[in-house]
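All residue numbers in this chain count up from 1 along the given sequence.
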Amino acid sequence: MQYQSTRDKSQQVSASQAILQGLSAEGGLFVPKQLPGLSEPQLERMVRQDYIQRAQEVLGSFLGDFSPSEIEACLKGAYDEKKFSGSQIAPLVRLGENMYLLELWHGPTCAFKDMALQLLPRFMTAASQKSGDGKEIVILVATSGDTGKAALEGFCDVPGIRIVVFYPEEGVSPLQKLQMATQEGNNVFVAAIQGNFDDAQGGVKKLFCNPQVTAMLQEQNRVFSSANSINWGRLLPQIVYYVSAYCDLVRDEQIALGDPINVCVPTGNFGNILAAYYAKQMGLPIHKLICASNKNNVLADFIQTGTYDRNRPFYTTTSPSMDILISSNLERLLFHLMDEDDAAVRQLMERLKNEGRYTVSRQVLSRLQADFDSGFSDEEETAATIKRLFNTYSYLCDPHTAVAVSVYESYRSRTGDDTKTVIASTANPFKFPQAVLAALGCEIQQTDEFEIARKLEELSGSKMPGQLAGLREKPVRFIESFSKDHMEDALVRALQNG
């Protein structure tokens, strides 16, 4: 299978090249030239398989220059039982008659990013061996919280790879910050940015496309790549868990093979819900994709109106991984909805860069709304949802998951659609103990995150995962903060440390 750039279709590469490059030279994102099909007989077979076997089937249809044995080795290394608690990898939890939470946070960093970022380093190592150029790969990551730690954990001390993570100084939770600042490994570097996530993400894209920086890397026998969901190798594994969730519903006799489901995803950068869109385009019976936004509701507005406008207030919320106004992966969807018109995509991206907004045609909006619905949940609604789920089901969820549940409940009330719905649950609630405890109505007097977590344990009867509780004893390694206009200085520092 070949991959092409959303901004220049003449740029075509293999799967391993797309994974190694991360981003096309002119700034476009790689997408497959054609999507493989997912037939009903294939789904019927996958119902009887475990998660790794299902992943082998899905990934094998996309990774044309990887052998089956290479893919199997990558999968078994990524989803090792020492890394993921429980044999199901991504279990479904039923809440109510038609609502199922897909728990994607049983990996080493307690967030859904582990599902892809335990696999991507293995893909990248295998791809690098195919290229045979001997260059060190420099991974650049912008994070709104969870991607940073998951990428650091996945790439820690991987030979031939160095990773540099940028995060907004005031835009992540205290525990997310501590997870990154205490990261072990000789090939890692973490820097805070004085700005928001969009500043960090924009700075990373500028570094990718900066000819002086590229020349510096060439002199050092290094090359850039990315672990953000702009990298196809990061997005691809996310398709698997939607396919697997459907198979689990059939296996558990919650639906019959061929019955449609809805999928609701809390998203800021659009990658997680885009993976569900690809699963639907492959043939997975998905009726509606419900895009859930927090107070930074740029995506919800776009789906409803066809106008994408980042010229609006930026809010710091209790669901920081969604505090994003520039959703990179939306570019991939636009490319497909616009019949792969790369010139039109370039024009929209230029408008977004220069004017901060664009509007798609009526035809594109109609195609968009045929597959997607949307809504947003403000801070009060999100907190009320956390409390309601706990009081009703004794289920503790994090603020991002609560955003999705709130939006789904509004969607169902508005439309009357009672299709069984899978909701992506993206983080362990103990990553956000202060927000969750406050939502449950408890007065918080202390500022120590671990004391707050202890109180949450007492109230809920749940335990803080060991990988989070253990952060208390780990030394802080990374404390540096850089202006958003001086991210190149941070990169130079990181490479000097190497």
Side-chain angles (χ1 to χ4, degrees), residues 35-62 68 71-72 75-76 78-79 81 84-107 112 115-116 119 235-266 272-290 292 371-373 393 395 401 404-405 408-409 411-412 415-426:
L35 285 174
L38 196 60
S39 67
E40 192 164 297
Q42 186 179 11
L43 279 173
E44 186 175 16
R45 181 175 67 250
M46 293 170 75
V47 168
R48 300 185 294 272
Q49 296 176 337
D50 63 22
Y51 190 89
I52 289 179
Q53 290 169 326
R54 293 167 181 170
Q56 178 98 30
E57 292 218 21
V58 174
L59 299 180
S61 62
F62 283 96
I71 296 172
E72 183 181 17
L75 285 166
K76 288 184 175 178
Y79 300 124
E81 61 183 13
F84 283 79
S85 59
S87 60
Q88 288 186 284
I89 310 297
L92 279 171
V93 176
R94 184 178 181 179
L95 296 182
E97 184 178 355
N98 296 305
M99 182 169 67
Y100 301 80
L101 296 191
L102 177 60
E103 292 185 343
L104 300 171
W105 39 260
H106 290 278
F112 83 99
M115 300 297 296
L119 196 52
L235 187 63
L236 174 57
Q238 296 178 273
I239 298 173
V240 175
Y241 51 68
Y242 294 112
V243 176
S244 184
Y246 186 89
C247 292
D248 283 347
L249 288 172
V250 175
R251 180 199 64 195
D252 297 340
E253 299 182 346
Q254 301 298 298
I255 60 172
L257 188 65
D259 286 351
I261 63 170
N262 292 330
V263 173
C264 181
V265 185
N272 201 1
I273 197 167
L274 182 65
Y277 169 82
Y278 280 128
K280 177 176 181 177
Q281 298 305 113
M282 292 169 66
L284 194 70
I286 296 176
H287 168 55
K288 212 70 175 180
L289 297 159
I290 305 165
D371 287 322
F372 289 87
D373 203 289
Y393 303 106
Y395 188 88
T401 304
V405 171
Y408 163 68
E409 290 174 338
Y411 165 84
R412 186 178 178 188
T415 64
D417 182 0
D418 60 358
T419 303
K420 292 185 185 298
T421 298
V422 170
I423 297 176
S425 178
T426 55

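- For the pair Tyr246 (side chain) and Gly258 (backbone), a donor-acceptor distance under 3.5 Å is present.
- Remark: the Asn272 side chain and the Tyr241 side chain contain an N/O donor-acceptor pair separated by less than 3.5 Å.
- Here the side chain of Arg94 pairs a donor or acceptor atom with the backbone of Gly96 at under 3.5 angstrom.
- Under the ring-ring contact (aromatic ring centres under 6.0 Å, His included) criterion, Phe372 pairs with Phe270, Tyr277, not counting sequence neighbours.
- In this structure, Arg251 contributes its side chain and Met46 its backbone to no donor-acceptor pair below 3.5 Å.
- Contact record, Pro260 with Thr419: O-CG2, 3.4 Å, taken as the closest heavy-atom pair.
- Between the Asp50 side chain and the Ile52 main chain, a donor and an acceptor come within less than 3.5 Å of each other.
- Here the CG-OG distance, from Leu104 to Ser425, works out to 7.0 Å after rounding to the nearest 0.5 Å.
- Rounding to the nearest 0.5 angstrom, the gap separating the CD atom in Gln88 from the CD atom in Glu103 is 9.5 Å.
- Cys264 and Ala292 make their closest contact through SG-CB, 4.3 Å (heavy atoms, listed as atom of the first residue, atom of the second, distance).
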CA sep, side-chain torsions, deciding dist, call: Leu119, Leu59, side-chain contact (heavy atoms from CB on, under 4.5 Å): CA-CA 11 Å; Leu119 196 52; Leu59 299 180; 3.8 Å; yes
Worked verdict on Val93 versus Tyr393 for side-chain contact (heavy atoms from CB on, under 4.5 Å): CA-CA 11 Å; Val93 176; Tyr393 303 106; over 6 Å; no
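- Using a 4.5 Å heavy-atom threshold, the side chains of Met282 and Tyr242 count as separate.
- Residues Asp417 and Lys288 are not paired through a salt bridge, judged by the lack of any N-O separation under 4.0 Å between the basic side chain and the carboxylate.
- Gln56 and Gln49 share no side-chain donor-acceptor pair at under 3.5 Å.
- A pairwise comparison of heavy atoms in Pro237 and Tyr51 identifies O-OH, 4.4 Å as the closest pair.
- In this structure, Arg412 contributes its side chain and Thr415 its backbone to no donor-acceptor pair below 3.5 Å.
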Intermediate values then yes/no, side-chain contact (heavy atoms from CB on, under 4.5 Å), Tyr100 and Asp248: CA-CA 11 Å; Tyr100 301 80; Asp248 283 347; over 6 Å; no
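- Between Leu43 and Cys247 the shortest side-chain heavy-atom distance falls below 4.5 Å.
- Of all non-hydrogen atoms in Val243 and Ala279, the two that sit nearest each other are CG2-CB, 4.4 Å.
- Thr401 contributes a side-chain N or O that, together with a main-chain N or O of Thr426, makes up a donor-acceptor pair within less than 3.5 Å.
- Of all heavy-atom pairs between Gln281 and Asp371, the closest is OE1-OD2, 3.9 Å.
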